[in-house]
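In what follows, a single structure is set out as structure tokens and then discussed.
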Amino acid sequence: MDKKAITKGPLSTRSAFRKSLIKWFEQGGKIYPWRATDNPWKILVSEIMLQQTTVSSVIANRRFERFLEEFPDLETISKAPEDQLLRAWEGLGYYNRVRNLQRAAVAVLSDHHGAFPKDATILESLPGIGKYTAGAVSSFAFNEPAPIVDANIARVLARLFNYHSPIDSTAGIRQLWEWAESLLDRKHPRIFNSAIMELGQTYCSPKKPDCQSCPVRKFCLSTSPESLPLKKPRRKVVRVDEHAIFFEKDKSILLAQESGDRRKGFWRLPLRNEEEVAHLEPESKFTYSITHHRVTLYLYRSEVTPASAETFVPVYKLDSLPIASPIRRAIEASL
């Protein structure tokens with residue numbers, strides 16, 4: 001390690017680093033609903049929900065509160081039918097998350113007598129719970145000394161240590177977790193983890209880090225923080241066209257139920273291949289994204305012969321069915 005790292009880096013001055021970070025957070029940390037509780041079930045819900053959904057979206061739509069109103073505890077969600085689960089999660093995407101949430105609840109009830117384990121290693125053995133989520137529940141719910149690394153913390157660590165290797169490589173991931181473990185305030189893990197995460201959400205933001213205002217700037221080794229972190233090349237966006245039929249009859253519309261892994265259990269408009277709709281003009285089109293796919297949905301208003309997996313569903317039942325948000329918008333625009 002060079003002289004600069006020895007005299008200035010966060011590891012060599014970790015006590016001062018921790019104090020500066022925690023002091024800043026205690027004076028102005030944001031107040032979120034999931035920070036106002038140490039209930040492990042509520043914290044688990046928030047962590048799973050925020051994995052692929054922005055904080056602002058969850059706050060603006062009361063996603064967290066509404067979900068807990070419907071599933072306030074392990075017992076409630078463990079008995080819920082899949083349709084109810086998917087409808088409650090609608091709009092959040094990555095629907096296997098809510099299925100795993102239910103499986104984790106069942107596992108806590110059956111294998112741990114309804115009591116969440118405190119240890120992150122044991123939590124990680126629950127269905128759908130990875131290393132980050134296990135550490136988050138352990139530290140936020142039980143104040144256990146478990147490190148965490150999410151996208152925000154990864155960015156902070158890469159800049160603090162001036163790390164110029166891809167953070168999403170095997171070596172990079174291992175290095176970040178080692179630093180998180182070394183920096184963790186083991187006496188105050190709950191507040192420390194909240195603070196370093198919020199630092200990445202505020203001053204140490206992705207595009208325009210505010211280094212002059214950063215509460216731990218004197219510990220940072222980065223000379224060009226806006227260029228960090230480095231990541232492996234992104235996958236190219238794949239463009240996909242879908243051709244959907246809107247067929248309404250007797251106040252019912254023709255729908256099909258999804259069978260693939262991504263949206264299993266959801267309802268959608270029936271799809272046809274390009275040749276089958278070549279004689280039709282699209283009435284409208286919608287675009288949406290799924291991971292690295294950019295989908296253009298062409299909608300045709302036409303009578304068709306229903307396929308075996310397609311059925312007419314009364315319009316009044318649509319609100320109670322799980323339907324992916326882009327498809328629901330297309331249906332509502334066409335009614």
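On a predicted model such as this, the values are computed, not experimentally measured, just so you know. Just the heavy atoms: all of them, side chains too, but no hydrogens, waters or symmetry mates, feed the values below.
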Side-chain touch Val55/Gln201, heavy atoms, less than 4.5 angstrom: yes

Hey, quick one: are Val156 and Leu230 part of the same hydrophobic cluster, counting side-chain heavy atoms closer than 4.5 Å, chains of contacts allowed? no

How far does CZ of Phe64 sit from CZ of Arg62, to the nearest 0.5 angstrom? 10.5 Å

Around Glu275, counting heavy atoms of other residues, nucleotides and ligands shown, do more than 12 lie under 6.0 Å from its CD? yes

Can you confirm whether His292 is buried at NE2, in the sense that more than 12 heavy atoms of other residues, nucleotides or ligands lie under 6.0 Å from that atom? yes

Between the CG atom in Leu101 and the CE atom in Met49, the distance rounded to the nearest 0.5 Å is 8.0 Å

Sole residue of Arg186, Lys131, Arg14 in salt bridge (charged side-chain N to carboxylate O under 4.0 Å, His left out) with Glu181: Arg186

Starting from the C-alpha separation in whole Å, work towards a yes-or-no answer on ring-ring contact (aromatic ring centres under 6.0 Å, His included) for Tyr94 and Trp89. CA-CA 9 Å; Tyr94 300 90; Trp89 203 259; over 10 Å; no

If hydrophobic clusters are built from ILVMFWY residues whose side chains come within less than 4.5 Å, do Leu11 and Leu176 share one? yes

For Phe312, the rest of its hydrophobic cluster, which grows through side-chain links under 4.5 angstrom: Ile245, Phe247, Leu254, Val277, Leu280, Tyr298, Tyr300, Val304

Judged by atom type as modelled, is there a donor-acceptor pair below 3.5 Å linking the side chain of Glu124 to the main-chain atoms of Thr121? no

Could you please spell out the steps behind the salt bridge (Lys or Arg N to Asp or Glu O under 4.0 Å) verdict for Glu90 and Arg328? CA-CA 10 Å; Glu90 188 177 309; Arg328 188 178 292 279; 2.4 Å; yes

Checking the side chain of Arg63 only, and the main-chain atoms of Leu92 only, is there a donor and an acceptor separated by less than 3.5 Å? no

Within 45° of the ring axis of Trp34 and under 6.0 Å from its six-membered ring centre, is that where the NZ or CZ of Lys42 lies? no

If we ignore angles and hydrogens, is there a donor and acceptor under 3.5 Å between the side chains of Ser139 and Arg190? no

Applying a strict under-4.5 Å side-chain criterion to I, L, V, M, F, W and Y, I'd like to know whether Ile148 and Ile122 cluster together. no

Quick one: do Trp179 and Leu228 end up in the same hydrophobic cluster if we chain Ile, Leu, Val, Met, Phe, Trp and Tyr together by side-chain heavy atoms under 4.5 Å apart? no

Is it the case that one hydrophobic cluster holds both Val106 and Leu126, taking links as side-chain heavy atoms less than 4.5 Å apart, direct or via other members? no

Mind checking the CG-CZ spacing from Leu269 to Arg272? Nearest 0.5 Å is all I need. 11.0 Å

Between the CG atom in Asn39 and the CG atom in Leu44, the distance rounded to the nearest 0.5 Å is 10.0 Å

